[in-house]
Amino acid sequence: MRLVLKIVGSIVLLAVVIVALAVTIVPRFLDRIYYRGPASGHFDDAHFANPDNDADTQQIQPAGGGRASFFWRYFTGSDGRPAWPKSVAVNRIAPPARVEGERMVVTWVGHASVLIQTQGLNILTDPVWAEKAGPLGTGPSRVAEPGIAFDALPKIDVVLVSHNHYDHLDKATLKRLWQRDRPRIVTSLGNDSVIGQTGAQATALDWGQRVAIKPGVDVVVTRNHHWGSRWFTDRNRALWSSFVVTLPGGNVFFAGDTGMGDGRWPVEAAALGPIRLALIPIGAFRFVDGQMESGSHIGPVDAVEVYRRLSAAHAIPIHWGTFRLSFEGYDTPPKLLAAAMRCTGQTGFAPVAIGRPTEVAGYVKPVTVTPMARAALLQCLDTPTVRALR
C-alpha cells in the first residue's frame with residue numbers, strides 16, 4: 001500500500017511540476033517576438049496596431065455565447081452554417097513561362113494566391129498550396145485544388161506575403177519556392193522572422209517603404225486594416241499590409257486581407273499611380289445572419305467601394321471559394337458582388353475561374369461614378385434575391 005501511495009504521490013508531484021513549468025514556459029514560447037524596432041504610430045515597441053482603430057478586429061466570434069461556445073459550434077458544425085461542397089472542379093490551364101512587356105496575364109490559384117505575369121516577371125501573392133489552412137495540419141480544408149499544380153508553376157521571381165495568418169503564410173509552400181527558385185520575398189515587418197524559419201530570406205518593410213525589383217518596377221508595402229497571429233498569445237507581433245507593384249502601363253494593387261477601417265488606405269494606394277489591376281478580397285465576411293462585413297474582412301458591399309476609391313481599371317475578387325472561414329454560403333460572395341456592382345453602376349470587377357489564365361487589358365481611366373452611401377447601397381441590396389443568400 002505504501003508503495004502504491006508513493007507511486008501515486010510521485011505521479012502527482014510530477015504532474016504539478018509539469019503544469020508549473022507549462023504555465024511558466026508555454027506562454028513565452030507561444031508569444032514569439034518577431035520584430036524589434038523603434039516605436040511608430042502603429043508600433044508601441046512590442047505590438048503593431050491599426051492607427052484608425054483596432055477595436056473592430058478584436059471580436060472573432062458572432063454574437064451570442066463566448067469564444068469557447070463559438071469554437072465548439074464552429075468545429076462541430078452545429079452553428080447553422082450553410083453547407084459547402086466537399087470539392088469544386090478546377091479546370092487547370094498551364095500558364096505561360098513568361099509574359100513580356102506591358103501585356104499582363106493573371107491566374108487565380110485560389111484564396112489569396114494569384115500569379116501575375118507581366119514585364120518578364122512572375123509575381124506570386126500569398127502562396128498557399130497546403131490542404132488545410134491552420135497549424136499542425138489542422139484547420140479548414142481546401143475545397144478547390146490549387147489552380148496551378150506546384151510543379152507546373154513557372155519560375156517565380158517575386159513573392160508578396162501580406163501577413164502571418166495560416167491561410168496567407170504557408171511555410172511549407174514558401175520553403176519549396178525558396179529551394180526551387182530563390183524568389184525575392186517581400187513582406188511587412190516581423191513576418192520575415194516567421195518566413196526565416198523555413199530557411200528562406202525575406203525583405204520586411206514598414207508601411208510606405210519600397211524595394212526596387214528592376215528598372216521601372218518597385219514593390220511598395222502599403223497600409224490596410226487587419227491583424228496577425230500564428231498562435232494564441234503572439235497577436236500583432238508582426239505587421240499586416242497590402243502592396244502596390246509599380247509598373248509601366250499601370251500598377252497592380254494586392255489588398256492582402258483587410259477590413260474597411262477608415263477606408264482611406266485605398267486612396268493612399270491610388271496616390272502611387274494609376275491602378276491597372278486590383279486584387280480585392282470579398283469572402284469570410286458574414287459572421288452573423290444578415291451581416292455584410294466584419295472588422296477584419298471586407299465583404300462585397302465594402303469591396304465595391306474599395307474598388308471605386310482605388311480608381312482601378314480592372315479588379316479580380318479573391319479570398320473566397322477555397323477555404324470555408326466564416327458563415328456565408330460558398331457562392332454568396334460573387335453573387336452579392338454582382339448585385340452590389342449593379343447597384344453602384346460600376347463595371348470591371350468580376351470573378352475569374354480558378355486555374356484559368358486571364359488576359360488583363362491595358363489601363364484605361366475608369367468612368368467616374370457617383371459615390372453611393374453605404375446605407376443607400378444596403379437599401380438597394382434589400383431584395384428577396386439578396387436576402388436569400390447565405
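The figures here come from the full heavy-atom set of this structure, side chains too, leaving out hydrogens, waters and symmetry mates. Model, not experiment: these values are computed from the prediction.
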Can you tell if the side chain of [X] reaches within under 4.5 Å of the side chain of [Y], non-hydrogen atoms only?
X	Y	result
R308	Q346	yes
V217	V245	yes
F285	T332	yes
V159	I156	yes
I280	P317	no
L377	V301	yes
V219	L205	no
L115	I148	yes

### Message
Test your reading of the model: is there a side-chain donor-acceptor pair from D302 to the backbone of G259, 3.5 Å cut-off?
### Response
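No.
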
Could you tell me whether [X] and [Y] have a side-chain N and a carboxylate O separated by less than 4.0 Å?
X	Y	answer
R92	E145	yes
E359	R103	yes
R374	E305	no
R223	D262	yes

- [ ] Dump the intermediate steps for side-chain contact (heavy atoms from CB on, under 4.5 Å) on R276 and V360, then the final yes or no.
- [x] CA-CA 8 Å; R276 177 178 177 180; V360 178; 4.1 Å; yes

Q.
I want to know whether W207 and W265 have ring centres closer than 6.0 Å.
A. no

Applying a strict under-4.5 Å side-chain criterion to I, L, V, M, F, W and Y, I'd like to know whether [X] and [Y] cluster together.
X	Y	result
L336	M341	yes
L189	V211	yes
V90	V105	no
V99	V252	no
F150	L169	yes

> What class does the angle between the rings of F43 and Y35 fall in, given that below 30° is parallel, 30 to 60° is tilted and above 60° is perpendicular?
Replying inline: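 Correct class here is perpendicular.
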
Could you go step by step and tell me if V158 and N122 meet the side-chain contact (heavy atoms from CB on, under 4.5 Å) rule? CA-CA 6 Å; V158 180; N122 292 327; over 6 Å; no

With a sphere of 6.0 Å drawn around [atom1] of [X], does it hold more than 12 non-hydrogen atoms of other residues, nucleotides or ligands?
X	atom1	value
K175	NZ	no
Q379	CD	no
R36	CZ	no

If only side-chain N and O atoms count, and only distance matters, is there a donor-acceptor pair under 3.5 Å linking [Y] with [X]?
X	Y	result
D206	H42	yes
S242	T222	yes
K171	Q197	yes
N164	W240	no
D234	Y34	yes
S162	D126	yes
D52	H225	yes

Tested for ring pair (Phe, Tyr, Trp, His ring centres under 6.0 Å) against W227, the lone hit among H165, H163, H297, H168 is H165

When rounded to the nearest 0.5 angstrom, what distance separates [atom1] in [X] from [atom2] in [Y]?
X	Y	atom1	atom2	result
L174	Q179	CG	CD	11.0 Å
I213	T246	CD1	OG1	9.0 Å
R324	Y330	CZ	OH	13.0 Å
H111	T322	NE2	OG1	7.0 Å
N50	T258	CG	OG1	8.0 Å
W108	I116	CH2	CD1	14.0 Å

Item to complete: Mind jotting down which residue pairs meet the disulfide bond (SG atoms under 2.5 Å apart) criterion with at least one end in residues 220-255? Sequence neighbours excluded, please.
Response: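 Qualifying pairs, neighbours excluded: none.
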
Note: S188 and S241 closest approach over all heavy atoms is OG-OG, 3.5 Å

Working for side-chain contact (heavy atoms from CB on, under 4.5 Å), residues N236 and D54: CA-CA 11 Å; N236 293 354; D54 232 15; 3.7 Å; yes

Worksheet item: salt bridge (Lys or Arg N to Asp or Glu O under 4.0 Å) with R98: which residues, sequence neighbours excluded?
Response: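 Expected list: D157.
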
**Request:** Report the C-alpha distance between L177 and T173 in whole Å, list the side-chain angles of each, state the deciding distance to 0.1 Å, and finish with yes or no for side-chain contact (heavy atoms from CB on, under 4.5 Å).
**Result:** CA-CA 6 Å; L177 284 168; T173 298; 4.1 Å; yes

Residues passing the side chain to side chain contact (heavy atoms under 4.5 Å, CB included) test with A269, sequence neighbours excluded, are V244, F253, L310

>> I need the single residue from V221, T203, I195 that forms a side chain to side chain contact (heavy atoms under 4.5 Å, CB included) with T187. Which is it?
In response: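 Only one of V221, T203, I195 forms a side chain to side chain contact (heavy atoms under 4.5 Å, CB included) with T187, namely I195.
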
Before giving the answer on salt bridge (Lys or Arg N to Asp or Glu O under 4.0 Å), spell out for R210 and D218 the whole-Å C-alpha distance, their side-chain angles and the decisive distance to 0.1 Å. CA-CA 6 Å; R210 68 171 62 204; D218 289 358; 3.0 Å; yes

